[in-house]
2 protein chains.
Amino acid sequence: MKNDESSSGTTTLNQVASAAGVSPATVSRFLNGTAKVSDEKRRTIERVIEELNYKPNRLAQSLKMGSTRTIGVLTQSLESGYFNRAMVGIEDAVKESGYALLIMSGHWHADEEAERVELLIGRRVDGVAILTGNMSDRQILDFSRRVPIVAFGRKVAGERVLSFGLDNYRGACEAVDFLVEQGHRRIAMITGPADHEDARARLAGYRDTLAKHRIEVDPNLTVPGDFQESGGLLAVNQLLASNQRFTAIFAGNDLTAYGARLALYRRSIRVPDDISIVGFDDLHSSMYTTPPLTTVRQPLYEVGTNIGRMMLTMLGHGQPGMDMPPLSLIVRESVRRI
Amino acid sequence: MKNDESSSGTTTLNQVASAAGVSPATVSRFLNGTAKVSDEKRRTIERVIEELNYKPNRLAQSLKMGSTRTIGVLTQSLESGYFNRAMVGIEDAVKESGYALLIMSGHWHADEEAERVELLIGRRVDGVAILTGNMSDRQILDFSRRVPIVAFGRKVAGERVLSFGLDNYRGACEAVDFLVEQGHRRIAMITGPADHEDARARLAGYRDTLAKHRIEVDPNLTVPGDFQESGGLLAVNQLLASNQRFTAIFAGNDLTAYGARLALYRRSIRVPDDISIVGFDDLHSSMYTTPPLTTVRQPLYEVGTNIGRMMLTMLGHGQPGMDMPPLSLIVRESVRRI
DNA sequence: TTGAAAGCGGTACCAG
DNA sequence: CTGGTACCGCTTTCAA
């Protein structure tokens, strides 16, 4: 017996068809507007669909059409204010077109990242968006032969890979320029991980800008951080312990700045009265720290929408072209003129 | 011609089968260990799979087996430190079993939430996890007839709905108890949205605890917030403008506390020297505010792992039973004894 | 305009 | 142990 009539929970298109006395093809055509359907049949079909509360099975559709209308996102952590802002952007950009996001985290570990991308491909996502991470460009290029990719925070070129980054170097220059303009000359920098592209660019911007202003780059004033609060805290402790003289800190990112700020607080060193701080990223919470943090804003939401748009373009929707606001210094209250 | 031999990008099981000179059934059996396969065939199959770099199509599998091994998550925002912590927990709990998460955001809007759950079901997730939100229990109950649900932060009961919440009332009591122990009697409270269950429980805890200590509940000391930083800021301004006398603030949640703290900073009111603050949630960043925030810790990660486990149980894996640490007060440095 | 039928890529039942 | 085959739910020729 054809089990079309069984009361098996979900209704299928075939059930609708037989209940309406038409062929499945007709129902499909009605649903997708693929071809004209006589008013009469259209009406009965509509009614039956209503009665049976029929909802198409996207799985079957995907299998047949070869597209899941899903884009995979490889992020580094599900709870990073940094990446999540971009994800919101991606989602906003693609949901109109009926795409959903399948998100997986790589936790900054190349192997895990590759594994996750593999899972994403296994689930037949139509494309994958990669938010930085540690995989090699080679690996990404390889993956791109299996699925279209847009990668943020790196530069890989290929037939089916699009990528772009932000000018971290310039952002750092602006930050340090500002500090110098405010009269600071002994400026410490807490770096990010040495193997992190953005971290290196920011460090370079710091050095070059000091040089530009003919300020000696004192190696003792550059201390390593890890882009986490704890690293910022430790770095400042180290700076203080080694008895360096400085009036400002350029933190590799906002989290680092938070940690640094706490370290100063612990020693009753006031910000910005005694020491000024500038961060990098402009996380939402930087608006509410005490004092509100002066920082370099990364337009992460727009990064997301651009990733989304580029992806849609590769997938054959929408037209190319991206529009990214530049990095910009957001002046709040953590820097004092001296 | 059967297009099994075509060079169409991805390899199928049928291609593997014919290349190995066996039936698709055998390849399938080998892949899933469904039945014994002779060593000889097993070896050729292995080799062919390797050569052709075959990866099973999860879509086809899902269609056939009626399970996508995907669990849908309805969160409120992709960039909420609160919900994301729980999502990490869910992911950790289910990924071992091969489940992935399909995440959608409802933005605290009942209609949007329902729409998202509808999308989730359309994509045939095996179950959906609902993180609070504004839908009615009735709606959730209705959905649960179509898909197993576990809901956090509400109490719905049903054949295929599991739900649980945390004891916000007790948490609030602990917080206020602590404040009173530290000598505070004029304690202001910044509430959350009035229609928010947790917000109401926290308010009740505040009132009852004051009463318990025979402290008058001054209505002027209760000001509305919105669980956002801006609400906390405004609330404190209002409190200050109306010239109330108070020595401590119990903030509806950590974000509110951040805003409150900034408002005080703006007026050079010191924390905790002049005014003490306690928050609720214990977001990660509360460890690094200045001063570090004393707050009621919600074990959100564990909430996530429990959601994950409950879901797996409903789906027929793992055994029931949850284990949730209670809410607990984390004493840091934002409260002063007076 | 409409229906019959062939798959999309797997899984599992039925024989052998 | 192995092969043949029906079928999961939907889309799309091909003919009528």
Side-chain angles (χ1 to χ4, degrees), chain A residues 1-6 8-45 48-49 52-69 98 121-124 126, chain B residues 1-6 8-45 48-49 52-69 98 121-124 126:
Chain A
M1 135 189 168
K2 301 179 74 173
N3 77 341
D4 282 6
E5 311 301 331
S6 81
S8 58
T10 36
T11 318
T12 73
L13 179 144
N14 279 295
Q15 292 172 30
V16 173
S18 60
V22 300
S23 81
T26 304
V27 179
S28 172
R29 286 191 273 253
F30 163 73
L31 251 21
N32 307 304
T34 317
K36 285 239 129 53
V37 175
S38 73
D39 273 7
E40 186 193 338
K41 297 195 189 281
R42 140 173 275 121
R43 260 189 297 279
T44 42
I45 293 177
V48 174
I49 285 183
L52 271 48
N53 188 28
Y54 167 73
K55 307 270 200 268
N57 184 333
R58 304 258 340 222
L59 236 53
Q61 290 182 150
S62 297
L63 179 58
K64 181 64 190 177
M65 324 254 353
S67 157
T68 51
R69 289 249 153 188
I121 296 180
R123 282 170 176 269
R124 294 299 189 274
D126 293 347
Chain B
M1 134 189 167
K2 301 180 73 170
N3 77 342
D4 281 6
E5 311 300 331
S6 81
S8 60
T10 35
T11 317
T12 74
L13 179 144
N14 279 294
Q15 291 172 30
V16 173
S18 59
V22 301
S23 82
T26 303
V27 179
S28 172
R29 285 190 275 252
F30 163 73
L31 252 20
N32 308 304
T34 317
K36 284 241 128 50
V37 174
S38 72
D39 274 7
E40 187 194 337
K41 296 193 189 285
R42 139 172 276 121
R43 259 188 298 279
T44 41
I45 293 178
V48 173
I49 286 183
L52 272 48
N53 187 29
Y54 166 74
K55 308 269 201 275
N57 184 335
R58 306 254 343 219
L59 236 52
Q61 291 182 150
S62 296
L63 179 59
K64 179 65 188 177
M65 324 255 351
S67 158
T68 51
R69 289 249 153 187
I121 296 179
R123 282 171 177 268
R124 293 300 189 273
D126 293 347

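So that the names make sense, note that chain A is the first sequence line, chain B the second, and so on, each numbered from 1. Because the structure is predicted, anything quoted here is derived from the model rather than measured.
Side-chain contact between A/Arg69 and A/Gln61 is absent, with no heavy atoms from C-beta onward closer than 4.5 Å. Residues B/Val22 and B/Val37 are not in side-chain contact: their nearest non-hydrogen atoms beyond the backbone lie 4.5 Å or more apart. Two residues are said to be in side-chain contact when any heavy atoms from C-beta on lie closer than 4.5 Å; B/Ile49 and B/Phe30 meet this criterion.
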- Query: Given the rule in the side chain to side chain contact (heavy atoms under 4.5 Å, CB included) test, do B/Thr68 and A/Leu59 qualify, once you have shown the distances and angles that lead to the verdict?
  - Reply: CA-CA 9 Å; B/Thr68 51; A/Leu59 236 53; 3.5 Å; yes

- Task: Evaluate the criterion side chain to side chain contact (heavy atoms under 4.5 Å, CB included) for residue pair A/Leu31 and A/Ile45; output intermediate values, then yes/no.
- Result: CA-CA 9 Å; A/Leu31 251 21; A/Ile45 293 177; 5.7 Å; no

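DNA chain D is contacted by both B/Ala35 and B/Met65; B/Ala35 maps to the nucleotide lying nearer its 5′ end (nearest heavy atom per residue). Both B/Pro24 and B/Leu63 sit near DNA chain D, but only B/Pro24 has its closest nucleotide nearer the 5' end.
Residue side chain B/Arg124 does not reach the base of D/dG9 through any donor-acceptor N/O pair under 3.5 Å, judged by distance alone. Residue side chain A/Lys64 reaches the base of C/dG7 through a donor-acceptor N/O pair under 3.5 Å, judged by distance alone.
Nearest to the side chain of A/Ala25, among C/dA12, C/dA5, D/dG3, sits C/dA5.
Rounding to whole angstrom units, CG of residue A/Leu13 and C1' of D/dT11 are separated by 9 Å. Distance B/Asp39 CG to D/dC1 C1': 12 Å, rounded to the nearest Å. At whole-Å resolution of the value, CZ in A/Arg29 and P in D/dG9 are 21 Å apart. Between B/Leu59 atom CG and C/dG7 atom C1' there is a gap of 15 Å when expressed in whole angstrom units. Counting to the nearest Å, the C1' atom of D/dC7 and the CG atom of A/Asn57 are 14 Å from each other. Rounded to an integer number of Å, the gap from CD of A/Gln15 to P of D/dC8 is 10 Å. The nearest whole Å value for the distance from the CZ atom in A/Arg58 to the C1' atom in C/dC8 is 16 Å. In this structure, the CG atom of B/Leu31 is 12 Å from the P atom of C/dA12, given to the nearest Å.
Between C/dT11 and B/Asn32, a contact under 4.0 Å exists linking OP1 or OP2 to a side-chain N or O. The shortest distance between the side-chain N/O atoms of A/Gln61 and the OP1/OP2 oxygens of D/dG9 is not below 4.0 Å. Side-chain N/O atoms of A/Thr26 include one lying less than 4.0 angstrom from OP1 or OP2 on C/dG3. Regarding contacts with the backbone of D/dG9, every side-chain N or O of A/Thr12 stays at 4.0 angstrom or more from both OP1 and OP2. The side chain of A/Ser23 places an N or O atom within less than 4.0 Å of a non-bridging phosphate oxygen (OP1 or OP2) of C/dG3.
Residue contacts shown for B/Tyr54 are limited to sugar-phosphate atoms, with no base heavy atom under 4.0 Å away. Residue B/Val22 is classed as a sugar-phosphate contact, given heavy-atom separations below 4.0 Å to backbone atoms only. Using a 4.0 Å heavy-atom criterion, one finds that B/Ser38 contacts the sugar-phosphate atoms exclusively. No contact: A/Val27 has no heavy atom under 4.0 Å from any strand.
In this structure, B/Ser67 contributes its side chain and B/Ser62 its backbone to no donor-acceptor pair below 3.5 Å.
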